[in-house]
Number of protein chains: 2
Amino acid sequence: MSESSAAVRNTRQRSAVSALLGEMEGFHSAQDLHAMLRQRGERVGLTTVYRTLQGLADAGEIDVMRPPGGEHLYRRCSEGHHHHLVCRACGRTVEVAGPAVESWADRVAAQHGYADVSHTLEIFGTCPACVR
Amino acid sequence: MSESSAAVRNTRQRSAVSALLGEMEGFHSAQDLHAMLRQRGERVGLTTVYRTLQGLADAGEIDVMRPPGGEHLYRRCSEGHHHHLVCRACGRTVEVAGPAVESWADRVAAQHGYADVSHTLEIFGTCPACVR
DNA sequence: CGTGGCAACGATAATGATTGTCAAAAACGC
DNA sequence: GCGTTTTTGACAATCATTATCGTTGCCACG
């Protein structure tokens, strides 16, 4: 039990989940992803999918969204901090960056003496295709 | 059967929930509120608490927050649209208004052709008292 | 004041996503 | 290769929320 704590091992399952996320567009639930892996013939347990997704989320490699409705949705996103504009009807998602919002949030929090600030922001709407 | 569709009836339970929310500070889960009503001797079913809270939320009279962790939290808030700055440690909450954010969200959504726009924003941090 | 329709209530069961458990399997360092 | 340690994965447990459905109480009208 040295202090090396390498910890993260490279397993087939982890690669499979990561690879799948790399190909997917849009958000998908853990159970969705699990079903897709199964269809591909990958042998992965649901528990492992959840664990892997949590790990990736902690590492900042994927984004998590909690839409009203209960399921957590995961997506591989561009690296930096950003937010999402999601269509209520079809789920089409656009990544949006809002530096002004970031700084506003930090400023507001600082004014109230809050430290170690983070925030979540989701925008919902109906996309052009679904409006008609 | 006129077109009035009054619909909303004035019941003891609805008043109790609304009154309780009026006295409470901060956010509370549906189950919390239900337990409190029970302690007071009010005879209210858990189902009704959920229904009432949803109704109030739809009517815009209370705010709903979905913190990471699963429970929905409800709170009576000031009327207009606003957001919350929440302490991770003690839960202390500050209401913040950000007109700039609202217009930014609308603008971004409009740029992408999205209609009927809404958004959710929560800011998390550690409040001054908990920093020490 | 009495009555009937209809929405609200509420106990219980159902749902369904997520998390915990723990023995067995696989991966990494040597 | 070998041992150790992490990881896996099937299953059960948890737990908030939602659906169900017979009963109750509100409200309006006669």
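In what follows, chains carry the letters A, B, and so on, assigned in the order in which the sequence lines appear, proteins first and then strands, with residues in each chain numbered from 1.
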Query raised in the report: Once the angle between the rings of A/His112 and A/Tyr114 is folded into 0 to 90°, is it parallel (under 30°), tilted (30 to 60°) or perpendicular (over 60°)?
Result: perpendicular

Query - B/Arg14 CZ to C/dA7 P, straight-line distance once rounded to whole Å - result: 13 Å

Report summary line: To the nearest angstrom, the CG-P distance between B/Leu56 and C/dA8 comes to 13 Å

Query raised in the report: Whole-Å distance between D/dT8 C1' and A/Leu37 CG?
Result: 14 Å

Requested in this report: Can you tell me the distance, in whole Å, between the CD atom of B/Glu42 and the C1' atom of C/dG10?
Outcome: 15 Å

Query raised in the report: If you draw a 6.0 Å radius around CZ in B/Arg88, do more than 12 non-hydrogen atoms from other residues or ligands fall strictly inside?
Result: yes

Query raised in the report: Does any non-hydrogen side-chain atom of B/Leu20 lie less than 4.5 Å from one of B/His28?
Result: no

Query raised in the report: Is any side-chain N or O of B/Thr11 closer than 4.0 Å to OP1 or OP2 of D/dG25?
Result: no

**Report entry** Between OG1 on residue B/Thr48 and CD on residue B/Glu42, distance to nearest 0.5 Å
**Finding:** 12.0 Å

Report task. May I ask you to test the B/His83-B/Glu102 pair for a side-chain heavy-atom distance under 4.5 Å? Result -> yes

Query raised in the report: What is the per-nucleotide protein-contact pattern of nucleotides 9-20 of chain D, from the 5' end, where B denotes a base atom under 4.0 Å from a protein heavy atom, S denotes such proximity for sugar-phosphate atoms only, and - denotes neither?
Result: BBB----SBBB-

Requested in this report: In whole angstrom, give the distance that lies between atom CG of A/Asp32 and atom P of C/dT18.
Outcome: 11 Å

Query - Cationic tip of B/Arg75 above B/Phe27 ring, under 6.0 Å, 45° of axis - result: yes

